[in-house]
Amino acid sequence: MRLDYLTIFPEFFDVLGISLLGKAVDNGIVDIHAHDLRTWTHDRHRTVDDTPCGGGAGMVMKPDPWGEAFDDLLGADPDPSVHVVIPTPSGTPFRQDDAAQLSHADRIVFCCGRYEGIDHRVIDYASEHWSVHELSLGDYVLNGGEVAALAMTEAIVRLVPGVLGNPESLSEESYSQDQEGLLEYPVYTRPASWRGWDVPEVLMSGHHGHIAQWRREQSRELTRRRRPDLLTDE
Ligand SMILES: O=C(OCc1ccccc1)c1cn[nH]c1
């Protein structure tokens with residue numbers, strides 16, 4: 001899987017060389033390239049933004065640098081197997097299913113917007129050539145798409161076979177199918193008693209049936225309390 005990042009702050013993505021994703025890069029499962037969008041500017045000030053047509057506060061990212069970056073990175077031929085991800089507050093909510101689907105992609109290009117956003121014609125042009133996903137990380141505004149791109153990258157790449165040491169740990173997570181889309185139950189480890197707090201008896205019983213039942217009940221209770229929206233049968 002090749003991942004490209006178009007951004008005016010490419011150093012944001014140096015962090016991807018650390019830990020899990022770093023190992024995935026070292027063993028060639030993932031190939032990461034961060035690009036400074038100013039590479040594709042030609043004026044002395046390397047301008048990437050301009051005032052909004054129609055007025056209003058703030059600045060908008062000019063289309064030209066994006067178009068020239070697409071030309072260099074992707075060429076002009078349409079290819080639906082290339083996924084262009086644009087993190088934006090106005091995107092559709094990024095969810096585990098999106099991470100799962102994108103984990104099968106051979107190529108993802110993250111376009112990290114700043115200011116008030118990217119000239120919409122960039123999205124229109126990209127949509128004619130590649131598979132475009134305008135995705136939101138949540139209902140809040142960041143200064144730019146870089147942090148959202150990092151979060152989405154981690155959610156996607158950890159699902160790629162060979163990246164996680166123990167694929168087992170994927171199945172029992174919140175939002176995973178095995179959990180029926182419920183929140184994950186509380187977890188414990190040694191010592192059995194810690195500052196007056198004990199591990200629930202059932203988990204020390206060695207009775208796998210009772211443990212599984214307790215975990216299912218905990219997941220349902222937690223989901224009912226914190227995320228009733230995830231409960232389908234009520
Ligand atoms: O702020 C975000 O992206 C940066 C961005 C992009 C375009 C215009 C303004 C800000 C964001 C929030 N949830 N998901 C993404």
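As the structure is a prediction and not an experimental result, all values here were calculated from the model. In listed order, ligands and their atoms are each counted from 1.
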Linked hydrophobic residues, W197 as query - side chain contacts closer than 4.5 Å
none
Report all side-chain donor-acceptor pairs from residues 203-211 shorter than 3.5 Å, counting only partners two or more places apart or in another chain.
unit_1, atom_1, unit_2, atom_2, d
S205, OG, V202, O, 2.6
S205, OG, H207, N, 2.9
H207, ND1, G209, N, 3.4
H207, ND1, H210, N, 3.1

Can the ring centroids of W66 and Y125 be said to lie less than 6.0 angstrom from one another?
no
Test applied, side chain to side chain donor-acceptor pair (under 3.5 Å); reference residue, T7; option that passes from E146, R114, R38, H35:
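Answer to the side chain to side chain donor-acceptor pair (under 3.5 Å) test with T7 among E146, R114, R38, H35: E146.
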Write 'none' if nothing qualifies; otherwise put on separate lines each N/O atom of ligand 1 with a protein N/O atom under 3.5 Å away and their distance to 0.1 Å.
unit_1, atom_1, unit_2, atom_2, d
ligand 1, 1 (O), L142, N, 2.7
ligand 1, 1 (O), L142, O, 3.4
ligand 1, 13 (N), L137, N, 3.4
ligand 1, 13 (N), G138, O, 3.3
ligand 1, 14 (N), L137, N, 2.8

For residues 134-160, which residue pairs pass the ring-ring contact (aromatic ring centres under 6.0 Å, His included) check, not counting sequence neighbours?
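Every candidate ring-ring contact (aromatic ring centres under 6.0 Å, His included) pair involving residues 134-160 fails, so no pair, neighbours aside, qualifies.
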Hey, could you give me the CZ/CG distance between R220 and L222, rounded to the nearest 0.5 Å?
12.0 Å
